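Everything on this sheet refers to the single structure shown next.
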Amino acid sequence: MSAGTARLSPLGAPPARSLLRSPKGLATALTVLLGLCAATRLLAVAAGVNRYRALDGFEEAVGLGHSGNLLMIATSLVLLAMIPTAVVFIVWFHRVRVNAGVYAQGTFRGGAGWAIGVWFIPVLGWTVLPCLIAVKVWAASASRLPGKAALTSFGPVYAWAGALGAAMLASGGAGVFARGAATRDAVREAALLAAASDLVYAVAAGLAILFVRRLSAMQSAA
């Protein structure tokens with residue numbers, strides 16, 4: 001190698017800081033999608049209450065009818081909003097986990113891939129495991145900021161995870177009740193229970209927006 005030739009750096013893993021990416025773009029997309037999820041859930045609440053009232057006083061048969069069709073449309077809109085939101089949320093969750101691994105190396109036992117993998121584990125992977133990861137990501141992100149003591153409250157994390165878990169339990173309970181509903185009164189009660197679970201989901205979506213924006217703001221400022 002001649003004296004004027006630049007010295008090449010040795011091959012190997014990229015510097016840790018090269019893994020950092022701002023999650024703000026994903027957070028903005030998630031804010032819109034989660035807002036859409038909340039709106040469709042509230043629409044489902046209205047459709048469920050309408051179904052409950054329509055079945056009162058023998059105004060409508062136990063079959064679908066007008067109120068049943070409205071409820072089916074609302075449910076379809078919920079699914080259409082939920083699928084892309086889930087995909088973007090998992091991508092965002094992985095991004096903030098990768099960033100946190102750079103902020104606080106050695107804090108996490110498993111690799112960043114678990115931020116994706118846990119969502120494919122039934123029950124615990126939809127509630128407890130993501131919450132445990134989110135707590136560590138939150139703490140690692142807050143540790144790099146001035147005045148970090150005021151930012152390390154895990155309230156937004158626990159509120160989001162708790163509301164999501166409550167919504168899943170309410171939805172599961174409403175589904176079990178609906179499958180066993182054989183009378184008009186039972187069908188009415190099932191519609192009301194489903195509306196209640198949709199309302200909890202709407203609250204969970206609002207709390208998810210708070211969690212996403214707070215955590216993304218901490219990482220973007222770090």
Side-chain angles (χ1 to χ4, degrees), residues 30-90 92-93 118-134 154-213:
L30 262 183
T31 299
V32 174
L33 288 170
L34 286 167
L36 185 60
C37 280
T40 56
R41 288 290 182 175
L42 291 176
L43 181 62
V45 170
V49 172
N50 178 65
R51 175 69 169 163
Y52 175 80
R53 296 179 63 183
L55 289 172
D56 188 23
F58 298 93
E59 295 177 6
E60 187 166 306
V62 176
L64 283 180
H66 181 65
S67 66
N69 288 329
L70 287 177
L71 186 56
M72 285 187 64
I73 292 173
T75 302
S76 298
L77 291 175
V78 166
L79 292 175
L80 286 174
M82 185 174 65
I83 293 173
T85 303
V87 172
V88 177
F89 186 92
I90 291 173
W92 170 85
F93 199 62
V118 292
W119 299 100
F120 297 93
I121 301 174
V123 186
L124 289 179
W126 303 332
T127 51
V128 177
L129 297 181
C131 181
L132 294 176
I133 294 175
F154 300 118
V157 181
Y158 293 139
W160 156 69
L164 180 60
M168 290 181 175
L169 286 175
S171 179
V176 171
F177 190 87
R179 285 191 291 273
T183 65
R184 178 185 296 272
D185 287 341
V187 172
R188 290 183 69 230
E189 291 175 7
L192 197 59
L193 287 174
S197 71
D198 284 321
L199 183 59
V200 181
Y201 266 116
V203 173
L207 292 172
I209 291 175
L210 175 63
F211 164 58
V212 167
R213 296 195 67 83

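If you're wondering where the values come from, they're calculated on a predicted model, not measured in any experiment.
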Hey, could you give me the [atom1]/[atom2] distance between [X] and [Y], rounded to the nearest 0.5 Å?
X	Y	atom1	atom2	value
Arg213	Ile209	CZ	CD1	8.5 Å
Thr127	Leu129	OG1	CG	7.0 Å
Tyr201	Met82	OH	CE	7.5 Å
Tyr52	Leu71	OH	CG	15.0 Å
Phe93	Leu30	CZ	CG	11.5 Å
Leu80	Cys37	CG	SG	10.5 Å

* Asked: Are Trp160 and Phe89 near enough that their ring centres are under 6.0 Å apart?
  ->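 Yes, ring centres under 6.0 Å apart.
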
* Structure fact -> Of Leu79, Val78, Thr85, the one forming a side chain to side chain contact (heavy atoms under 4.5 Å, CB included) with Thr40 is Val78

* Backbone N or O of Trp119 within a donor-acceptor pair of the Trp126 side chain at under 3.5 Å? ->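 Side chain of Trp126 to backbone of Trp119, a donor-acceptor pair under 3.5 Å: yes, one is there.
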
* **Under 3.5 Å donor-acceptor, Arg41 side chain and Asp198 backbone** => no

Closest approach of [X] and [Y], non-hydrogen atoms and distance?
X	Y	answer
Gly125	Pro130	O-CG, 3.1 Å
Ala174	Ser197	CB-OG, 4.5 Å
Ala74	Ala44	CB-CA, 3.8 Å
Val200	Ala163	CG1-O, 3.9 Å
Ala195	Val45	O-CG2, 3.3 Å

Side chains of [X] and [Y], heavy atoms from C-beta outward: is any pair under 4.5 Å?
X	Y	result
Arg51	Leu70	no
Val118	Leu132	no
Pro156	Leu207	no

